[in-house]
*Asks:* 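Got a structure here, written out as structure tokens. Questions coming.
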Amino acid sequence: MEAVKTTSAVNIHTNGNGAEKIKLAYINDKPFEIREGETVLSFVRRSLGNRIPTLCDAPNLEPFGSCRVCSVEVALQPNGTTKTVASCHTPVTANSFIYTDTEKITRLRKNIIELVLTDHPLDCLTCEVNNNCELQTVAAQVGVRTVRYPEGKTHLDRKKDLSHPYMTSDLSKCINCFRCVRACDEVQGEFVLSMAGRGFDSHIIKSFDDNFMNSDCVSCGACAQACPTSAISDVFESKSINVQKKVRTVCTYCGVGCNLEVAVNDDTIKSIQAPYDAEVNKGHTCLKGRFAFSFYNHPERLRTPLIRKNGELQPATWEEAYDFIAGKLTYIKEVYGPDYIAGISSARCTNEENYLMQKFIRVVIGTNNIDSCARVCHSPTALGMQRSFGTGAATNSIDDLNDTDCILVIGANPTDGHPVTGAKFKQFAMKGKTTIVIDPRRTELARYATYHLPLRPGTNVAMLNMMLYYIITEGLEDKQFIETRTEGYEDFKKQILNVSISELEKITGVDRTLVREATVAYAKAKAAMAFHGLGVTEHSYGTYAIMLITDLAMITGNIGRRGVGVNPLRGQNNVQGAADMGCQPHQGAGYFDVTNPEYHKMYENFYGVKLPNHIGYKIPQMYTASLDNKLKALWLMGEDLVQTDPNTNKVMAALKKLDLLVVQELFMTETAKIATVVLPGASFLEKSGTFTNGERRIQRVNKVVEPIEGTKSDGQIVVDIMNRMGYAQPDYEPDTLLQEIAQIVPFFKGVKWNELGDNGKQWPVKEDGTDTKILHTETFKRGKGKFHYFDFMESKEIINNGKEYPYIITTNRELEHYNAGTMTRRTKNVELLTEDVLLINPADAENHFIKEGDMVCVESARGKVDLKARITDEVKPGLLSSTFHFPEIGLNVIGSDEHDSEAMCPEYKVISVNIRKSKGLKKSIPV
Amino acid sequence: MSKNLSYLAGRKGVAKTLFEELGIAATESGTPSVEKMEALRKEFLVGKANVYGTATFYDFLKPENQGKKVYVCNGSACLCAGTQPALKYKLQKHFTEEEIGEMCCLGRCHENSAFHIAGKNYSGKAINSISEIKKNKTVVADKYNIASKGTAVLTQKFAGLEANYQILKDCLKKSVAELQTEIKTSGLRGRGGAGFPMAIKLESCRNTEADQRFIVCNADEGDPGAYSDRYLLEQQPHAVLLGMIIAGYLADASVGVLYIRAEYPESIEVIEKAIRDLHKHKFIGENIFGSGFSFQFKVIKAQGAYICGEETALLSSIEGQRPEVRVRPPYPAQQGLFNLPTVVNNVETLANLPFIMKNEGKAFAAIGTPKSTGTKLISLDGYFNKPGIYEVDMGTPLSVVVNELGGGFRLPVKAMHIGGPLGGLVPVSKINDLTIDFESFSKEGFLLGHASIVCIPEDFPLLLYIEHLFEFTAHESCGKCFPCRLGSTRGKEMLQKARTTDYKIDRALMDDLLETLEIGSLCMLGGGLPLPVKNALQHFEDELNPYFITKV
């Protein structure tokens, strides 16, 4: 930047119109404009670039002032006496004179580095961070040539820690800058690292001076990325510069949408870091994003199409496979009709691939039998929010956490499920800002929350009704908002005032005073943000609960501005996109109703073919249809129905009954094992496209390596089969596909591949390319926001089975694994979490004579599974919890057929079971 | 420091602190067990590493403290007095080597031979009664001279509870603005060493928006050689407490925290009793004298770390964090204890407030010099004929203190270390050039500091003394900033090597090191160390030169 040109002795200037005062300070006697709240370091950096060396400073950490290398001289008047200050934590003052490189400062920096080198191994040439070491760089910059001190005490004998599958440390290289400690605290909020001892003896420790593996480390890698040397690093040596290229892409492990910077050598992935300039994750990510990439070239990757012959899947060429599939599909379509064919797209795949999949099913096959895995997670969110607001997407952005006074987190365990957002929530909660957690389990966030309402699973509607009741009785409604922006309020109010609080209190099991206090806190916050997860949707009445959450936001006026709103925490990386692209049986690309004659015609005109105008099957209906002989072929794009859908036995029966089951997959999943044809797909690291994260942010996924030999991108596979069936579809290419999508999806109108940049754009994107951070600012998509009231209803699972099976098991996720674990189980994550376990309250465990680690038989009306007990007060008595990351456990065998009354999302969260100590021998699984 | 840890500590406030719990957990064995630390970290929602990191910081919590039964004072005055080797020899007849630990300055500088057993301090001839002391059969109280020359602000006789708190009663009838003016007029400056105007702190704290504010009394008088705060805590407790209540009223703070060093067990006892008396008389608590103003006290016992005398480290210590010095801004008056506005003041500063309130600011300003108003307490060590605590008007000649009040030196002395380990090393030749005030000392290249005086006898090698200063800093450095953490140890190593071998210290390297410490350190521990060393190098060139070499 140019120096501000001035010769005036008066340094407080007015600009042209004399309105605003420009404040100046001088760097090496040249004036520059200063900004409010800047430190001397940030001021100098902004004005002149990185001319001040630093060691303890890091882009995402608070100023700390330990290394003192950033010292400068500051005088308060021209030629005045100077004071030496550390620029990183000294605010810049107007009219001050900053000298960055005086002889005294140069000497100071050199002398500090000389001291540092008295306790640092001088093995730079063989060090993993050679040429990318901040100490090395600063030492070179300040010109240290000798270490004059006689030999003294050192920490050079500290042992390397290689205990952990990912994290490593060699603290003999530690310079005590505290960056790792601060990253663990300020970024991840985990407090695994600290110093111990004092003075020269100060040294970094993990937990009670343990190794990484035995510590409470969550393997997020923030410390390794923050470390300026190789004192803390990872097994992939992510700070080494032995790299040919780095590719920026987007993580596929959840809806947060972290940007990743992938280092590549010889078309092989070496390591991953999180870019600091990523708006979504700002230099942070979790162990899945950072470390769990080695699945991509795992020996078990599928590398050739397989066709079932004589009962066995046998290798085939792509030509054979396509011929086989096209022949079968054409036959079924002609003999039974297109509605005997269905497809399930994947929220793990790109927008472009999802768009192609629904286009294939609708345009080429001619049916609306298209659904996606959004069905089993956030379909009630999309439907409920559409009914209330007109749009089924997050109203705000995660960044709004900086502007909110209160967060309400319902049915979500973000520190495990959405780790980067979870870490932000934890940072928010730790600071004592109002945090309300509604969750049956005492989750990590709940421990730090202001209010935790531990309701019985399946009673969200009752809880939300209590809250809505208190808002009205406490007189906390935003009358103006209700009046001007909503409809249906009076009717709603009448009904809500009729609820019986004592009855609801009994149903939810949560003390009414606590509920009232939490409600008041939410309603009184100037800006309050609601977040929810699958703990709201995966219920019999999930859509209703969603609409009650929208009621909460509307009744308190928490819509349409910064720091408010209703914000689903999307599970899969592109679950938003899969729905946007039309992978649902009732709405096509861009959410237009396929039964509406006007829209139906629009689609027909756009695609130039006749299209069906009746709603197709949702996933659960596909099973029933198959069992009823009404479905003959099913095409799955990367969906493991057998492991992940509830009531496994029924799912298996339905799938086995099909004439054709096509599975696009990376690995031989439980579902692929029973497929007719298996097509080897390419992973997200091997293809380009876009993902839309949970805050409607369309981000570029860039191909990092070539698809492993024998595989194709899922999009190309669909393109191939479309062509094979007579529809001319150009090859998979995100740029051109986005152009097509922009023509039919209104909120993608201005989305262009080349204009998405590093940080993407949040839809709706206008034609001129401007994007949207906040929805419903002036009006709702549907005009006025609509209030709905719903009575609490008990899940049929409880009504039918609750007596015989008095325990409730609710399913959840663990940090280390992603859903079916197809990918994460093929990484070293499996060394960190080796199996699904059963969370059980100490009292329940005692009643059943269950000890920690005992195998427990968990039985429902559908079946039973054996799980290892982990005794914890994270669950209340009567409540159990487990995961289905591991196929050998098969937790979904006990799952029910119940599903959301409106959106048909399965009820994973309420399963009536009984428990007993397993008779079988304790399974021995190595830890 | 961690803002998160401050907030988390704030959840329980001063009612229950992790720091105190660690102290309690260490009572039996000298260090908290892993099981106890695990329970505490769960309760306080912090990491294992935080609890362990904190415990290992403090002399009386760290694992090495396990099994210690007796502690020998290793402060500067006892060092110079040369009493400790004999003391230790005598103790070894009663305790094993492992049972004998060290404490830095028990404030018994007037008679030395100081040691600590089972929560009690002993000095002078007490070692001769060691068998009775061991059996807990006797307590040997120490005695020292107390006198004033000029106005007795701090050393005047206690007028009794009622009379003392009548001052508070009168204050509470006046507006804060009115009283604030008195403080401003008084010109009262902090007595902890930095000399910062008190009125500004109070005002800044009051003007920072918050639901709660704190007054923290820094009673971690760690400067070896200083025991004037100990005097106030033990003999004028109500001046200190009343000062805190008045500060609370002025800063709109409702909680006063006294952070008292573990090396002063008697001070803790006296203060705690005084607070009980105040409760009994309802002079503290809710709605004091019906004024609507409420105030209560909390006493925190420190665990052995000199750095806790630095105000931000002290705040982190109360919070159960590692007492590493924080960067400023934010200043404690804006974001202090639990990230809330906090006034931190030294014992002596606070003890001045009752006088100011009673006699008005003008009366206080009339004492001393225009820039250094009021009086100053001075502690004299055992090399004086009349060791003790003396109160003098600011501006009193140093020679009056040395010759008149102190009665001159008992043995030949070559220099006086004034103002704690980071104060200046004043050669006896300079006695007539100095007056007791901030400006005079600063002008002559010294530091008034806390105004303790430790004498260095003629026969004490200065090289050993400056090595002792480096060693002290190395031992007490919090370890946060690079210059102090590394520089204090490297300096100590060089001096030790020069003292014990034929190694000669490169003078340019020593100068570089001193400059690095002085201008590069984060706080006054590293930043202050060079002053006495430079004084020594300047004034005792001949004695020190043989250990140095000037490379060309």
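Below, chains carry the letters A, B, ... as their sequence lines are ordered, and counting in each starts from 1.
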*Asks:* What I want to find out is whether B/Glu493 reaches A/Lys153 closely enough, with some N-O distance under 4.0 Å, to be called a salt bridge.
*Replies:* no
*Asks:* Any ion pair linking B/Glu515 and A/Lys104 (charged N to carboxylate O, less than 4.0 Å)?
*Replies:* no
*Asks:* Which heavy-atom pair separates B/Arg11 from A/Ala429 by the least distance, and what is that distance?
*Replies:* NH2-O, 2.7 Å
*Asks:* At a heavy-atom distance under 4.5 Å, which candidate from B/Glu64, B/Lys3, B/Glu324, B/Lys492 has the highest pair count against chain A?
*Replies:* B/Glu324
*Asks:* Distance alone, cut at 3.5 Å: any donor-acceptor contact between the side chains of A/His89 and B/Arg328?
*Replies:* no
*Asks:* If you count heavy-atom pairs within less than 4.5 Å of chain A, which of B/Lys497, B/Glu476, B/Gln496 leads?
*Replies:* B/Glu476
*Asks:* Could you tell me which portion of A/Cys56 (side chain, backbone, both or neither) has an atom closer than 4.5 angstrom to a non-hydrogen atom of chain B?
*Replies:* neither
*Asks:* Does A/Tyr149 have B/Arg490 sitting over its ring (NZ/CZ under 6.0 Å from centre, angle to axis within 45°)?
*Replies:* no
*Asks:* Using a cut-off of under 4.5 Å on heavy-atom pairs, state which of A/Asn176, A/Val85, A/Leu193, A/Asp119 scores highest against chain B.
*Replies:* A/Asn176
*Asks:* Of all of A/Thr118, A/Ile204, A/Ile112, which one pairs up most often with chain B through heavy atoms under 4.5 Å apart?
*Replies:* A/Thr118
*Asks:* Within the side chain of A/Arg198, is there an N or O that forms a donor-acceptor pair under 3.5 Å with the backbone of B/Cys478?
*Replies:* no
*Asks:* Between the side chains of B/Arg41 and A/Asp216, is the shortest nitrogen-to-carboxylate-oxygen separation below 4.0 Å, so that they form an ion pair?
*Replies:* yes
*Asks:* What's the spacing between B/Thr516 OG1 and A/Leu115 CG if we round to 0.5 Å?
*Replies:* 6.0 Å
*Asks:* Between A/Gly152, A/Pro150, A/Ser202, A/Gly65, which has the largest tally of heavy atom pairs under 4.5 Å with chain B?
*Replies:* A/Pro150
*Asks:* Taking B/Met1, B/Lys62, B/Arg326, B/His475 one by one, which has the highest count of heavy-atom pairs under 4.5 Å against chain A?
*Replies:* B/His475
*Asks:* Would you mind writing out the side-chain donor-acceptor pairs for residues 480-487 of chain B within the sub-3.5 Å range, not counting sequence neighbours?
*Replies:*
unit_1	atom_1	unit_2	atom_2	d
B/Lys480	NZ	A/Phe64	O	3.0
B/Lys480	NZ	B/Val325	O	2.8
B/Arg485	NH2	A/Ile175	O	3.1

*Asks:* So, for B/Tyr52 and A/Ala196, which heavy atoms are closest and what is the spacing to 0.1 Å?
*Replies:* CE2-CB, 4.0 Å
*Asks:* Quick check: do A/Met195 and B/Phe57 have side-chain heavy atoms less than 4.5 Å from each other?
*Replies:* no
*Asks:* Within the distance-only criterion (no hydrogens, no angle test), does the side chain of A/Arg107 pair as donor or acceptor with the backbone N or O of B/Asp512 below 3.5 angstrom?
*Replies:* no
*Asks:* Measure A/Val116 against the heavy atoms of chain B and call it side chain, backbone, both or neither at under 4.5 Å.
*Replies:* both
*Asks:* Starting at OG of B/Ser2, measure out to CZ of A/Arg182 and round the result to the nearest 0.5 Å.
*Replies:* 11.0 Å
*Asks:* Pairs in or reaching into residues 187-209 of chain A: which pass ring pair (Phe, Tyr, Trp, His ring centres under 6.0 Å), with residues at least two apart or in two chains?
*Replies:* A/His155-A/Phe200
*Asks:* Considering all heavy atoms of both residues, which atom of B/Ala49 and which atom of A/Ile205 are nearest to each other, and what is their separation?
*Replies:* O-CD1, 3.7 Å
*Asks:* Does the pair A/Asp210/B/Lys48 count as a salt bridge with the N-to-O cut at 4.0 Å?
*Replies:* no
*Asks:* Only pairs of heavy atoms separated by less than 4.5 Å count here; which of A/Gly197, A/Cys184, A/Ser71 has the most with chain B?
*Replies:* A/Gly197
*Asks:* Roughly how far, to the nearest 0.5 Å, is CG of B/Leu45 from CZ of A/Arg447?
*Replies:* 8.0 Å
*Asks:* Return the CG to CD distance between B/Asn4 and A/Gln427, rounded to the nearest 0.5 Å.
*Replies:* 4.5 Å
